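A quick write-up on the structure given underneath.
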2 protein chains.
Amino acid sequence: MSRRNTEVTDQGTAPAGAGATAECPLREVLALIGDKWSAQVLVELGDGPRRFTQLERAIEGVSRRMLTLSLRNLERNGLVTRTVYADAPPRVEYATTALIEDIREPLEALSDWARHAGPAIAAARDAYDDRRGRPPAARPAPARS
Amino acid sequence: MSRRNTEVTDQGTAPAGAGATAECPLREVLALIGDKWSAQVLVELGDGPRRFTQLERAIEGVSRRMLTLSLRNLERNGLVTRTVYADAPPRVEYATTALIEDIREPLEALSDWARHAGPAIAAARDAYDDRRGRPPAARPAPARS
DNA sequence: CGGCATCCCGGCCGATACTG
DNA sequence: CAGTATCGGCCGGGATGCCG
């Protein structure tokens, strides 16, 4: 007993008035979709309703476990819907709700920014690491003098 | 040996070519500012250059440690600059770079969305918990400030 | 097919103490 | 004022296995 594993904004995450409730709404968004997979799930669902395995293969890298947890979390917060069809082979479809319609654009703007600023960020990071003389990961083959 | 403590996208996080590098740019943004404090730091700095303690008191809830780590991380990725003045009392100012100019708006859009959708999300969560017969967490103690 | 249960690890994050 | 160092917890999250 005593569940040790809660994860991904489980029911104990936001006491709703306990005092944690960040005064900054941005923190709440990040708490919701700031985890490793939720945002990507939303992006995939933005293209239309998808089945579980469809998402699993589309996102690539996500495990059944995390995908389930992320979907449950999104469902709990009313961002996606879960529909079960009584077919012979089990069929479950996930879709976005009207709530996320308004964040799709900012989210894509963020993606766009990442694409645009990516190289500059990498360069900055490289320069920073070089300045500190701290190679990120042991140059594979420095020898070569 | 072998540094145990790295944290907040430290130098060991991104092997820079190891293979992790998410194919989804959105993931990269979240990896950058998706942590607990970085986004809020950016928001504060968006109002203009700030000193360390200024940020520490403005954000409220952040520890020196996490603030330092977040700032270091943001600095490393070229999102903020760190300027040290040779004053009698040490004076360090942090400011945003041109890189973040393009995400300020999407970020604010997200905040705005959170503010707008917040109640609906809370309602959905409440309904979900009620459906599952799982009360969130028996208010520990509101303790009204 | 869709999901849950268990094990386990690494890293986020907070509290505390010490330094220039 | 502006950090840095150390300790410890808690939880995100990957791997695996079982079940309807």
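Note that the coordinates shown come from a computational prediction; the quantities given were computed from them, not determined experimentally. Order of the sequence lines fixes the chain letters, A, B, ..., with proteins taken first and strands second; residue numbering starts at 1 for each chain.
Between W37(B) and L69(B) there is no side-chain heavy-atom pair separated by less than 4.5 Å. Put simply, the side chain of L30(A) does not reach to within 4.5 Å of the side chain of R27(A), judged on heavy atoms.
Counted by atom type alone, D35(B) and S38(B) present one or more donor-acceptor pairs between their side chains at under 3.5 Å.
Listed candidates were dG3(C), dG20(D), dC13(C). Nearest to the side chain of R64(A) is dG3(C). Closest contact between the side chain of T53(A) and the listed nucleotides dG2(C), dC4(C), dG14(C) involves dG2(C).
D35(B) has its CG atom 13 Å from the P atom of dG13(D), to the nearest Å. Separating the CD atom of Q54(B) from the P atom of dA2(D) is a distance of 8 Å, rounded to the nearest angstrom. Rounded to a whole Å, the CH2 atom of W37(B) is 21 Å from the P atom of dG11(C). One atom, CG of L69(B), and another, P of dG3(D), lie 12 Å apart when rounded to the nearest Å. Distance M66(B) CE to dG3(D) C1': 15 Å, rounded to the nearest Å. When rounded to the nearest whole Å, the span between CZ of R65(B) and C1' of dC12(C) equals 8 Å. A straight line from CD of E93(B) to P of dA2(D) spans 9 Å, rounded to a whole angstrom. If you take CG of L55(B) and P of dC1(D), they are 13 Å apart, rounded to a whole angstrom.
Comparing R72(A) and P89(A) along DNA chain C, the residue whose closest nucleotide (by nearest heavy atom) sits nearer the 5' end is P89(A).
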Could you tabulate the donor-acceptor pairs under 3.5 Å formed by side-chain atoms of residues 107-122 of chain A, not counting sequence neighbours?
unit_1  : atom_1 : unit_2  : atom_2 : d
E108(A) : OE2    : R104(A) : NH2    : 3.4
S111(A) : OG     : L107(A) : O      : 3.3
W113(A) : NE1    : L99(B)  : O      : 2.8

What donor-acceptor contacts under 3.5 angstrom involve side-chain atoms of residues 83-96 of chain B, with partners at least two apart or in another chain?
unit_1 : atom_1 : unit_2 : atom_2 : d
R91(B) : NH2    : E93(B) : OE2    : 3.2
Y94(B) : OH     : R82(B) : NE     : 3.3

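By the neighbour-count criterion of 12 heavy atoms within 6.0 Å, atom CD of E101(B) is densely surrounded, having more than that number from other residues, nucleotides or ligands.
Taken residue by residue, residues 42-52 of chain A places heavy atoms nearer than 4.0 Å to DNA chain C at R51(A), F52(A).
For the pair Y85(A) and dG2(C), the criterion of a side-chain N or O lying under 4.0 Å from OP1 or OP2 is not met.
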